[in-house]
Amino acid sequence: MNLREEIVADIQTLPEAVLPKLQETIKKLREDEEKPGFLKRLQKIKINDLPSDFSRNIDLYLNGEKELD
């Protein structure tokens with residue numbers, strides 16, 4: 001049995017009440033996989049195009065809470 005089959009077998013034994021929580025966890029995993037990594041986001045930054053608050057809010061820009069225009 002491969003890993004996928006083991007996971008499916010485990011899911012089939014879970015009570016119905018926990019499935020919504022499992023579904024949310026799966027959605028979060030997908031979203032995390034789709035987000036570009038830290039270095040990919042840094043590569044997109046052009047020094048001349050940075051907003052005036054970039055140095056004060058670099059963490060917000062890097063984690064995606066603020067967007068570069």
Side-chain angles (χ1 to χ4, degrees):
M1 186 181 295
N2 67 33
L3 182 58
R4 183 179 300 272
E5 292 169 335
E6 288 180 35
I7 293 169
V8 169
D10 287 340
I11 290 171
Q12 290 173 340
T13 65
L14 291 174
E16 195 78 23
V18 300
L19 294 180
K21 185 175 181 179
L22 177 61
Q23 186 176 33
E24 288 300 316
T25 301
I26 291 169
K27 285 180 183 178
K28 175 139 179 41
L29 286 170
R30 279 191 187 131
E31 290 170 0
D32 289 347
E33 285 297 313
E34 293 170 359
K35 288 182 184 176
F38 175 74
L39 293 178
K40 289 286 184 191
R41 290 194 304 265
L42 279 179
Q43 287 176 337
K44 293 180 181 179
I45 296 174
K46 306 255 188 292
I47 299 298
N48 295 338
D49 299 335
L50 295 177
S52 61
D53 69 339
F54 184 79
S55 64
R56 289 187 308 273
N57 298 306
I58 189 168
D59 55 331
L60 299 177
Y61 286 101
L62 293 177
N63 71 24
E65 289 182 47
K66 287 189 113 182
E67 295 290 325
L68 295 172
D69 296 329

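Computed from a prediction, not measured in an experiment: that's the story for all the values here. These numbers come from the heavy atoms of this one structure, side chains and all, not from hydrogens, waters or symmetry mates.
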The reported gap from CD1 in Ile7 to CD1 in Ile26 (rounded to nearest 0.5 angstrom) is 9.0 Å
Who pairs with Lys28 by side chain to side chain donor-acceptor pair (under 3.5 Å), at least two apart in sequence or on another chain?
Asp32
dist Leu62:CG -> Ile58:CD1 (nearest 0.5 Å) comes out at 4.5 Å
Could you state the interatomic distance from CD1 (Ile11) to CD (Gln23), rounded to the nearest 0.5 Å?
10.5 Å
The criterion is side chain to side chain contact (heavy atoms under 4.5 Å, CB included); which residues satisfy it with Leu60, sequence neighbours excluded?
Asn57, Glu65, Lys66
Donor-acceptor check, side chain of Glu5 to backbone of Asn2, threshold 3.5 angstrom: yes or no?
yes
Are Leu14 and Met1 joined in one hydrophobic group, where the rule is that I, L, V, M, F, W and Y side chains link up if heavy atoms are under 4.5 Å apart?
no
Side chain proximity check, Asp53 to Tyr61, heavy atoms < 4.5 angstrom
yes
